[in-house]
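Please read through the structure below; I'll follow up with questions.
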Amino acid sequence: MIEPHSSIASRAPAGAGPLVVGVDVGGTKIAAGVVDGRGHVYGRVKLPTDTARPEMTLQSIAAGITAALHAAEVSPSHISGVGLGIPGKVDPEHGIGLLSVNLGWQDVPVKHWLEEALGLPCVVENDVSAATLGESLYGVGRELGGLANLVYLSLGTGIAARAMIEGRLYRGTNGLAGEIGHAIFVPGGPLCRCGARGCLEALAAGPALVLQAQEEIQAEGDSLLQELLDRSPKPTAELVFEAATRGDNLARQILAEAGSHLAHAIYLLAVAFDPQVVVLGGGLAQVEGPLIEAIQFGVAQWAEQSPVFREVLDPGVVRLSALQQDAGILGAAALVAVKG
Ligand SMILES: [Zn+2]
């Protein structure tokens with residue numbers, strides 16, 4: 001069941017220096033790898049997340065860590081710690097998964113359980129917080145020679161942002177700072193999984209794009225988008241991207257609207273935090289494409305209208321994540337590196 005990630009040499013070279021394990025725990029897959037001080041990833045593995053019961057999920061996480069060590073040919077005695085990025089609300093101080101809808105978790109003592117099972121120190125954080133640290137340490141932050149102020153906006157099944165302020169992750173009083181995905185952008189709009197209507201997430205996250213496509217094709221009649229959706233048993237936002245790239249008007253319209261809402265979010269985040277850059281990450285921001293173009297167009301429009309926005313953020317400093325496929329593993333590894 002464990003898939004080696006790619007043909008890239010996976011064995012950690014002798015004398016690679018201090019090593020940590022980074023684990024990205026998702027609702028469907030767990031990705032793990034061994035990471036050195038320069039951000040090189042060895043022994044990448046992916047395995048399915050068993051969400052039947054919290055103990056089963058913890059067991060699949062432990063199996064992922066063991067498999068990554070095996071693939072990198074590294075003994076646990078060379079590992080200084082394990083970092084875990086987990087979706088939902090997390091208590092990083094005590095290492096508890098407080099609430100995760102994707103994993104079906106409530107008050108799960110992740111750190112305690114894994115430390116007992118593996119005999120390695122573990123650090124647990126919200127996955128978007130971890131990605132923000134990873135981007136600062138190994139990604140755009142490193143490319144730009146270090147960043148003190150960075151906003152990371154994750155676009156995928158959910159939408160959330162996190163901010164690094166003066167070199168430190170800002171969590172807020174309840175650990176909810178940056179949950180802009182649940183800010184209401186269209187009062188009375190589509191129902192969000194949080195129970196409110198018209199949240200940014202219900203307008204522009206992956207499932208929202210698919211839902212809009214499914215609702216609107218019925219009104220529009222035959223289209224390329226309809227053909228692609230009909231062919232797919234489990235449609236994803238990538239189909240809407242594909243239809244837009246191939247010139248489908250309805251798909252382009254859906255993405256233009258989502259891009260405009262996301263640009264509004266970037267504008268608000270920039271004015272609130274005055275960052276050096278805003279990094280776009282997550283599954284919907286892996287490559288340049290029609291959604292990113294729509295966001296960039298929207299950002300340019302806000303910049304045209306708002307002198308304050310122009311002053312705090314040149315539209316050119318909205319960037320895609322530099323970490324790509326390794327973002328989750330490197331973000332989780334950064335938790336240990338930053339702590340150490
Ligand atoms: Zn919501």
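Both counts, for ligands and for their atoms, begin at 1 and track the order of listing.
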Lys111/Glu116 salt bridge by N-O under 4.0 Å criterion: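 Result for this pair is no, no salt bridge flagged.
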
Restricting to ring-ring contact (aromatic ring centres under 6.0 Å, His included), what partner residues turn up for Tyr267, sequence neighbours left out?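 So Tyr267 forms a ring-ring contact (aromatic ring centres under 6.0 Å, His included) with Trp302, Phe309.
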
Answer yes or no: is there a side-chain heavy-atom contact under 4.5 Å between Cys192 and His182?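 Cys192 vs His182: side chains touch.
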
Below 2.8 Å, which protein N, O or S atoms neighbour the Zn ion (ligand 1), ignoring water?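 Atoms qualifying: His182 ND1, Cys192 SG, Cys194 SG, Cys199 SG.
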
Sequence neighbours left out, what passes ring-ring contact (aromatic ring centres under 6.0 Å, His included) with Phe185? Give chain and number order.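 Checked Phe185 against ring-ring contact (aromatic ring centres under 6.0 Å, His included); matches are His264.
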
Whether Lys89 and Glu179 form a salt bridge (side-chain N of Lys/Arg under 4.0 Å from carboxylate O of Asp/Glu) is what I want to check.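 Looking at Lys89 together with Glu179, the answer is no, because their closest N to O distance does not fall below 4.0 Å.
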
Checking Thr66 now: which residues fulfil side chain to side chain contact (heavy atoms under 4.5 Å, CB included) with it, not counting sequence neighbours?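 Expected list: Leu118.
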
